[in-house]
Every structure is written in C-alpha cells, then in structure tokens.
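Step one of this worksheet: look at the structure below.
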Amino acid sequence: MAIVFTVMSSMNIIAILIGIIFVNDNKLNPAVMLSITMSINSIVMPILQVVRLLGNIASASTSSARVKEILDRDPKIKTNFEVEPLADIKGTIEFKNVSFKYDDDDEKEPFILENFNFKFEEGKSYAFVGETGVGKSTIAKLLLREYDPTTGDVFVNNDKNLKDINLKSYLDHVGYVEQEPQIIYGTFFDNIRYGSFDATKEECIEAAKKANLFDFINGLPEGFNTTLGERGFILSGGQKQRLVIARMFLRNPKVLILDEATSALDNIVEKEIQGELDKLSNGRTTIVIAHRLSTIRNVDQILVLEKGIGVSQSGTFDELKGKEGRFKKLYEAGLMN
Ligand SMILES: Nc1ncnc2c1ncn2[C@@H]1O[C@H](COP(=O)(O)OP(=O)(O)OP(=O)(O)O)[C@@H](O)[C@H]1O
C-alpha cells in the first residue's frame, strides 16, 4: 500500500512540475494548469482511499481468522453445564494417583505433584505447609478445577470424578479465600452479596455480624451503603479479610479453601481474624494453604510437602513439632511468627 501511495504522489508531483514548465513557456494558461492539478487530485485521493480501505480489510480478515481460531479451540476444562447439578458436597474428596505439571505438552517440564494420593474427610480441617514453590497453591487450583490433573483423578462425594461434575454447581459449594481479597466497586451490601446475589440485606447484615464487621460498618456515616473500591472508601487489610469472611458466611460453602488468608496482616489483627476463620471453618471441610504455622495450630491434620517427595510428614501441630523432620525445621526457623 505504501508503494501505491508513493507512486500516486510522485505522479501528482511530476504532473505539477510539467505544468509549471508549460506555464513558464507560455504553452499553458495558469488557470488551466490549476484546474488540471485539482482534477488530478480529485481522481487520485479516492483511489488512495480505496487502496487504504483494501489494506484495512485484508488486516481485519487476518485478525478475524485468528479470533475464530481461538474461539474454535476446545477448552481444556470441560464445564459439563449439561450434566445435572450437584446438590451438595458430601463424603470424601480424594486425590488418586494425581500427577500434575502446568504445561502438559512440555515433556521436559518436571511434575509439580507426582503420584499424589490423599483423602480429605468431610468436615475436617487440613493444612498444607512446605517451602515456597513446592506446590501448595497448585493443590488449591486443582480443587477449584482451574486445572485438571495431568494424570490421575480427583473424586468428590466419595466416588464422583470431578472432571464429570457440573462445574458451576460444584463451585457453588466451594468457598475460596484468596491471598489478595478482591473488593469490587460498590457498597458494603454489594461487596458482601458478591457471589450470593439473591441474598437479602438482613442476610448481609447477619454475615457482617458473624465476621465481626458489623460495628465498624454501622459506625460509618452511610453504614452499609458506603461505597468501596477504587475512588471509594479504603479498607485496611484486616477489614478486607473480614469482608471476605462475611461473604463466605453468606455463601455457606461445604468446602472452604483458605490460601494464606492472613499473610498480609500484623500479628494482633491476624489473631483476631483467626478467631473468625476458625468459626467459619467449623463443620466444613477446610483446606488451608499456609505459610505461617501460627494460623494452623488447630487444624485436624497438617501435611508437609517436600520437593521430589510429596507429603513427607503428616499429623497434628503438636505431634509434628516434636518429631524430627521438615516441620520441626520450619517451626524452629521461626515460621510461627
Ligand atoms: N500458572 C502457572 N504456570 C506455570 N508454572 C506455575 C504456575 N503457577 C505456579 N507455577 C509453578 O509451580 C510451582 C508450584 O507453585 P505453587 O504456587 O503451587 O507453590 P507454593 O508451594 O504454593 O508456593 P508459595 O508458597 O510461594 O505460594 C512453582 O515452581 C511455580 O513457579
């Protein structure tokens, strides 16, 4: 297209130069030359526009072919929306011979989890600990079905393969408290209701009370109608955590995944929040992805992950802290703080 543009412009300039020579030699009237130049321009400009348009059409059709290629791709995670929804999560959740790596196609990439086997009992609490990068959060991602195992399976309700379950209905029963609490632009009501859109104002207030957030919100001039988020009221780290905990009380999930829920808080706030988290976990299958051992004192079972080994130790906090092994090392390294 640039070539056409250059050729057309050059021809235009040449025509003008020839015209000037003719005018100088008195072979052409200046008025006639002006009208010829204007006529040439009025022919050339539309041709250039058409050429430009053709170029745009060509690049748009290449882009739309790329978009189609992406849309036509089979999603890796099958959502099974056509399958009957899961009414509840009951019984065990089991990882059976699960091996996982993020890039299935890369043979050189090592497995993050290799032949991992574990059964979570209904209503009990578990914590994964281990050095950074060992695969703790990956376990949470597999439970949330952000990924499927490379090999092996995850079974819920004792024997239902997670791959075959209606994904939305499963996730409706799973609560996830992530490292960075997500606050949306909206009021406290909107933020607590986020994820349980049918909840009434009374239910939101009840959830805020359970998360120990009610007195704070009620003390604000606009109460639950205070706007949060970007350009709105800014919450502290602890208040954000409480807001997410209130959301969870409202959603009332059967399975709770807490990914380093208290990592960003100071010790005093962390202790206060821990009380609310313990209340929230009560009676639910709870899986904590932990960095600070102080947050998992009360869980039923701690699993220590080690690179290349998988689960190297398991037991209660008190059992593990007295035993030789990785947990004792982590404990003595000051991860209690
Ligand atoms: N989306 C991803 N794509 C590719 N590799 C990833 C991805 N997410 C994590 N990893 C890699 O997988 C390994 C395990 O990560 P994971 O986050 O599960 O570890 P972790 O034990 O939770 O670590 P941390 O304590 O630092 O959060 C790490 O080597 C990490 O770099």
Side-chain angles (χ1 to χ4, degrees), residues 70 73 75-79 93-118 120 125-154 162-163 167 171 174-182 237 240-241 244 255-265 270 273-274 277 285-297 299 301-315 317 320 325-337:
I70 291 167
R73 259 186 225 163
K76 277 199 167 174
I77 301 289
K78 298 251 184 305
T79 50
I93 299 177
E94 185 178 4
F95 279 62
K96 211 167 188 178
N97 304 326
V98 169
S99 294
F100 178 78
K101 55 178 166 183
Y102 282 93
D103 188 355
D104 297 0
D105 302 326
D106 184 356
E107 283 184 15
K108 284 192 205 127
E109 191 186 301
F111 282 102
I112 313 269
L113 296 172
E114 203 159 4
N115 205 20
F116 176 65
N117 287 284
F118 191 73
F120 300 95
S125 55
Y126 301 86
F128 285 93
V129 300
E131 277 158 14
T132 178
V134 79
K136 303 179 296 287
S137 301
T138 302
I139 289 172
K141 289 178 195 167
L142 290 170
L143 280 167
L144 291 161
R145 224 183 142 220
E146 287 180 19
Y147 297 90
D148 282 330
T150 309
T151 58
D153 295 286
V154 179
L162 187 52
K163 278 184 205 156
L167 183 59
L171 292 177
V174 179
Y176 178 46
V177 178
E178 55 200 313
Q179 298 194 4
E180 258 304 306
Q182 299 297 318
K240 278 188 199 166
Q241 285 290 354
V244 178
V255 174
L256 193 61
I257 300 170
L258 307 174
D259 194 352
E260 268 291 72
T262 57
S263 61
L265 309 175
E270 184 201 292
I273 301 277
Q274 195 54 46
L277 283 173
T285 312
T286 304
I287 295 132
V288 186
I289 309 300
H291 282 257
R292 308 172 96 190
L293 304 187
S294 53
T295 59
I296 55 166
R297 265 185 176 279
V299 299
Q301 194 175 1
I302 295 169
L303 296 131
V304 185
L305 284 178
E306 267 187 76
K307 245 187 197 131
I309 299 178
V311 177
S312 64
Q313 285 187 292
S314 72
F317 190 95
L320 289 173
R326 177 71 64 181
F327 188 87
K328 195 162 179 242
K329 283 192 187 134
L330 292 171
Y331 180 68
E332 286 168 354
L335 277 163
M336 273 304 291
N337 303 317

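In each ligand, atom 1 is the first atom listed, and ligand 1 is the first ligand listed. Quick note: residue numbers are just sequence positions, from 1.
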Within-4.5 Å side-chain heavy-atom neighbours: Lys163 and Arg145: yes
pair Leu143-Tyr176: side-chain heavy atoms closer than 4.5 Å: no
Return the residue, atom name and 0.1 Å-rounded distance of the protein heavy atom closest to [atom].
atom	value
atom 25 (O) of ligand 1	His291 CE1, 2.6 Å
atom 16 (P) of ligand 1	Thr138 OG1, 3.6 Å
atom 17 (O) of ligand 1	Ser137 CB, 3.6 Å
atom 12 (O) of ligand 1	Ile112 CD1, 3.0 Å
atom 29 (O) of ligand 1	Gly133 O, 3.9 Å
atom 26 (O) of ligand 1	Thr132 OG1, 2.4 Å

Mark whether atom 31 (O) of ligand 1 lies under 4.0 angstrom from at least one protein heavy atom. no
Mark up the atoms of ligand 1 that fall under 4.0 Å of a heavy atom belonging to Lys141, in ascending order. 8 (N)
Flag, side chain of Glu114 to backbone of Ile112, donor-acceptor distance under 3.5 Å: no
Does any donor atom in the side chain of Tyr102 or Thr138 lie under 3.5 Å from an acceptor atom in the other side chain? yes
Relative to atom 4 (C) of ligand 1, which among Phe128, Tyr102, Tyr147 owns the nearest non-hydrogen atom? Tyr102
Where do Phe128 and Tyr126 land on the ring-ring contact (aromatic ring centres under 6.0 Å, His included) test, with the steps shown first? CA-CA 7 Å; Phe128 285 93; Tyr126 301 86; 7.9 Å; no
Of all heavy-atom pairs between Ser312 and Arg326, which one has the smallest distance, and what is that distance? OG-CB, 4.4 Å
For the side chain to side chain contact (heavy atoms under 4.5 Å, CB included) test, which of Asp153, Ile139, Leu162, Asn115 pairs with Phe95? Ile139
I'd like to know if Phe100 contacts ligand 1, where contact means a heavy-atom distance under 4.0 Å to any ligand atom. no
Can you find a non-hydrogen atom of Gly130 under 4.0 Å from ligand 1? no
Ile289 N/O to ligand 1 N/O under 3.5 Å: no
Counterpart residues, salt bridge (Lys or Arg N to Asp or Glu O under 4.0 Å), relative to Lys307 (two or more places apart): none
